[in-house]
Participant: 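Got a structure for you, written out below as structure tokens; questions coming shortly.
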Amino acid sequence: MIYSTATVPVNPEGETQLTREQVWKGLERKARDARLFLPPGLCTRCDVTEESASHFVREATIAGQDLREIITLEQQAKVTFFQATGPREGAIVNELFEDGEGELQLKFYCYLGLRGMEPNGPEEQAEQAQFDSDKGYKAALLSTLKRTRELLADGAL
């Protein structure tokens, strides 16, 4: 199994300060359309296909792989992406919280397996290394905050 986690401060010194509500709007937009937040060309399709009071379903093509995710939103706190189909199974979570000093933090964590692959085999180990690398999910959190600031500056948030 793959377990990875990363946490970044929402408002580091020198950056435009974001409120919890602004970050939440960015996270919700990312959940509904990843194309706005991922590098150009990485996500070529991202459509919400079902919606209910408790969740919505998104179908996407990311890095050439088709997937379906069931996404739940815990208002201004947590977005959970349950991997219904695609190469991975399990859950990916983005959580917004205040640390002990009252500073807003954005945390990523996941617990995943690779469908059809040996548990803890070389493919999962490679995926674990990627998630934990400088180009993994910590970079994705920073990119999400950067894009949220851009959308805010453009008046699109």
Side-chain angles (χ1 to χ4, degrees), residues 1-12 18 20 23-52 54-100 103-151:
M1 293 305 293
I2 300 162
Y3 176 75
S4 185
T5 186
T7 304
V8 298
V10 168
N11 292 310
L18 295 171
R20 176 184 282 271
V23 176
W24 179 254
K25 284 180 181 178
L27 289 173
E28 189 171 11
R29 295 258 327 251
K30 182 179 179 181
R32 293 183 177 280
D33 193 350
R35 291 173 294 198
L36 299 172
F37 289 83
L38 295 175
L42 187 62
C43 180
T44 56
R45 176 179 64 100
C46 192
D47 301 309
V48 173
T49 59
E50 297 175 39
E51 196 152 358
S52 76
S54 63
H55 69 279
F56 61 92
V57 177
R58 140 178 131 173
E59 294 187 11
T61 303
I62 301 176
Q65 298 179 320
D66 292 332
L67 55 100
R68 176 178 293 139
E69 295 171 303
I70 300 165
I71 300 170
T72 61
L73 304 171
E74 294 178 37
Q75 209 53 252
Q76 295 198 24
K78 190 185 295 185
V79 180
T80 304
F81 302 82
F82 297 96
Q83 307 297 291
T85 66
R88 297 176 192 92
E89 55 189 347
I92 297 170
V93 180
N94 287 191
E95 184 174 7
L96 196 55
F97 70 97
E98 282 88 13
D99 65 13
E103 297 297 321
L104 200 53
Q105 305 287 317
L106 181 57
K107 180 178 184 176
F108 156 88
Y109 55 97
C110 72
Y111 191 63
L112 301 167
L114 295 179
R115 285 189 171 89
M117 299 294 169
E118 175 188 345
N120 298 315
E123 296 87 358
E124 281 191 0
Q125 290 176 21
E127 191 104 344
Q128 178 78 57
Q130 170 62 26
F131 284 3
D132 293 341
S133 77
D134 289 343
K135 295 181 181 178
Y137 278 97
K138 183 175 182 177
L141 292 174
L142 294 171
S143 173
T144 296
L145 292 172
K146 179 180 183 220
R147 184 67 178 129
T148 299
R149 285 184 175 89
E150 291 169 355
L151 289 168

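Just so it is clear, the values below take in all heavy atoms, side chains as well, and ignore hydrogens, waters and symmetry mates.
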Participant: Does the side chain of Q83 pick up a donor-acceptor pair with the side chain of E69 at under 3.5 Å?
Facilitator: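 Their side chains do contain a donor-acceptor pair, which is all the 3.5 Å distance test asks for.
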Participant: Got a donor-acceptor contact below 3.5 angstrom from the T148 side chain to the T144 backbone?
Facilitator: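 Side chain of T148 to backbone of T144: a pair is present.
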Participant: Could you tell me whether the side chain of K138 reaches within less than 4.5 Å of the side chain of F108, counting heavy atoms only?
Facilitator: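 The answer is no; the side chains never approach within 4.5 Å.
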Participant: Examine the side chains of R68 and T85 and answer whether a donor and an acceptor come within less than 3.5 Å of each other.
Facilitator: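 Not at all, the side chains of R68 and T85 share no donor-acceptor pair under 3.5 Å.
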Participant: Does a side-chain heavy-atom distance below 4.5 Å link I2 with F131?
Facilitator: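 Sidechains of F131 and I2: in contact.
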Participant: Do L114 and R88 have side-chain heavy atoms sitting under 4.5 Å apart?
Facilitator: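 They are in side-chain contact.
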Participant: Please examine the side chains of L18 and L104, heavy atoms only from C-beta on, and report whether any two atoms are closer than 4.5 Å.
Facilitator: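 Not in contact.
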Participant: Please round to the nearest 0.5 Å and tell me the distance separating atom CD of E127 and atom CG of L112.
Facilitator: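 E127 CD to L112 CG: 7.5 Å, rounded to 0.5 Å.
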Participant: Is there side-chain contact between L73 and F56, with heavy atoms separated by less than 4.5 Å?
Facilitator: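 Touching, per the 4.5 Å side-chain cut-off.
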Participant: Would the distance check show the side chain of T72 and the main-chain N or O of H55 forming a donor-acceptor pair, the cut-off being under 3.5 Å?
Facilitator: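 Not at all, since once roles are kept as given, no pair shorter than 3.5 Å links the two residues.
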Participant: Give the minimum heavy-atom separation between Q75 and W24, together with the two atoms involved.
Facilitator: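 Taking Q75 first and W24 second, the nearest heavy atoms are OE1-NE1, 2.6 Å.
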Participant: Between the side chains of D66 and R45, is the shortest nitrogen-to-carboxylate-oxygen separation below 4.0 Å, so that they form an ion pair?
Facilitator: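 Yes, this pair counts.
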Participant: List the steps, then state whether side-chain contact (heavy atoms from CB on, under 4.5 Å) holds for I62 with L42.
Facilitator: CA-CA 6 Å; I62 301 176; L42 187 62; 4.2 Å; yes
Participant: Going from CD1 on I71 to CD on E50, what distance comes out if it is rounded to the nearest 0.5 angstrom?
Facilitator: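 Between I71 CD1 and E50 CD, I get 11.5 Å after rounding to 0.5 Å.
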Participant: Check V10 against L106 and note the closest heavy-atom contact, atom names and distance.
Facilitator: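 For V10 and L106, the tightest heavy-atom pair comes out as CG2-N, 3.8 Å.
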Participant: Heavy atoms only: give me the nearest A6-L141 pair and the separation to one decimal.
Facilitator: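 Between these two residues, the closest heavy atoms are O-CD1, 3.5 Å.
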Participant: In Å, rounded to the nearest 0.5 Å, how long is the span from CD of E123 to CD of E118?
Facilitator: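 Interatomic distance, E123 CD to E118 CD, rounded to 0.5 Å: 7.5 Å.
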Participant: Between N120 (side chain only) and M1 (backbone N and O only), is there a donor and an acceptor less than 3.5 Å apart?
Facilitator: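 Judged by distance alone, yes, a pair lies under 3.5 Å.
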Participant: Just how far is it from atom OG1 of T5 to atom OH of Y109, taken to the nearest 0.5 Å?
Facilitator: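 Atom-to-atom, T5:OG1 and Y109:OH are 8.5 Å apart.
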Participant: Once the angle between the rings of Y111 and Y3 is folded into 0 to 90°, is it parallel (under 30°), tilted (30 to 60°) or perpendicular (over 60°)?
Facilitator: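 Ring orientation of Y111 relative to Y3: tilted.
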Participant: Can you check whether A140's main-chain N or O pairs, donor with acceptor, with S143's side chain at less than 3.5 Å?
Facilitator: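 No, the answer is negative, given that no donor and acceptor are paired below the 3.5 Å cut-off.
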Participant: Is any side-chain heavy atom of L142 closer than 4.5 Å to a side-chain heavy atom of K146?
Facilitator: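 Not touching, per the 4.5 Å side-chain cut-off.
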Participant: Between V93 and V79, is a side-chain contact (heavy atoms from CB on, under 4.5 Å) present by the stated rule, with each step listed?
Facilitator: CA-CA 6 Å; V93 180; V79 180; over 6 Å; no
Participant: Give me the atom names and distance for the closest heavy-atom approach of P87 to Q65.
Facilitator: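 Scanning both residues completely, I find the closest heavy atoms to be CG-OE1, 3.2 Å.
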Participant: Would a 4.5 Å heavy-atom cut-off, applied to side chains only, mark R32 and E51 as touching?
Facilitator: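 They are in contact (side-chain heavy atoms under 4.5 Å apart), so the answer is yes.
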Participant: I need the minimum non-hydrogen distance between A31 and R58, along with the two atoms involved.
Facilitator: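 Closest approach of A31 to R58: O-NH1, 2.9 Å.
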Participant: Carefully, step by step, assess C110 and F81 under the rule side-chain contact (heavy atoms from CB on, under 4.5 Å).
Facilitator: CA-CA 9 Å; C110 72; F81 302 82; over 6 Å; no
Participant: Strictly distance-based, threshold 3.5 Å: is any side-chain N or O of D47 a donor or acceptor partner for the main-chain N or O of T49?
Facilitator: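 Absent.
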Participant: Taking the basic N atoms (NZ, or NE/NH1/NH2) and the acidic carboxylate oxygens, is any pair closer than 4.0 Å for E150 and R147?
Facilitator: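 R147 and E150: salt-bridged.
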Participant: Taking the side chain as every heavy atom from C-beta outward, state whether P9 and E103 have any pair of such atoms under 4.5 Å apart.
Facilitator: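 When only atoms from C-beta onward are counted, E103 and P9 do not touch, as no gap falls below 4.5 Å.
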Participant: Restricting to non-hydrogen atoms, name the atom on C46 and the atom on A34 that form the minimum distance, rounded to 0.1 Å.
Facilitator: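 Shortest heavy-atom separation between C46 and A34 comes out as SG-N, 3.3 Å.
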Participant: Give the intermediate values and the outcome of side-chain contact (heavy atoms from CB on, under 4.5 Å) for residues L151 and F37.
Facilitator: CA-CA 10 Å; L151 289 168; F37 289 83; 3.7 Å; yes
Participant: Run the salt-bridge test on R20 and E98 with the 4.0 Å N-O cut-off and return the result as yes or no.
Facilitator: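 Result for this pair is yes, salt bridge flagged.
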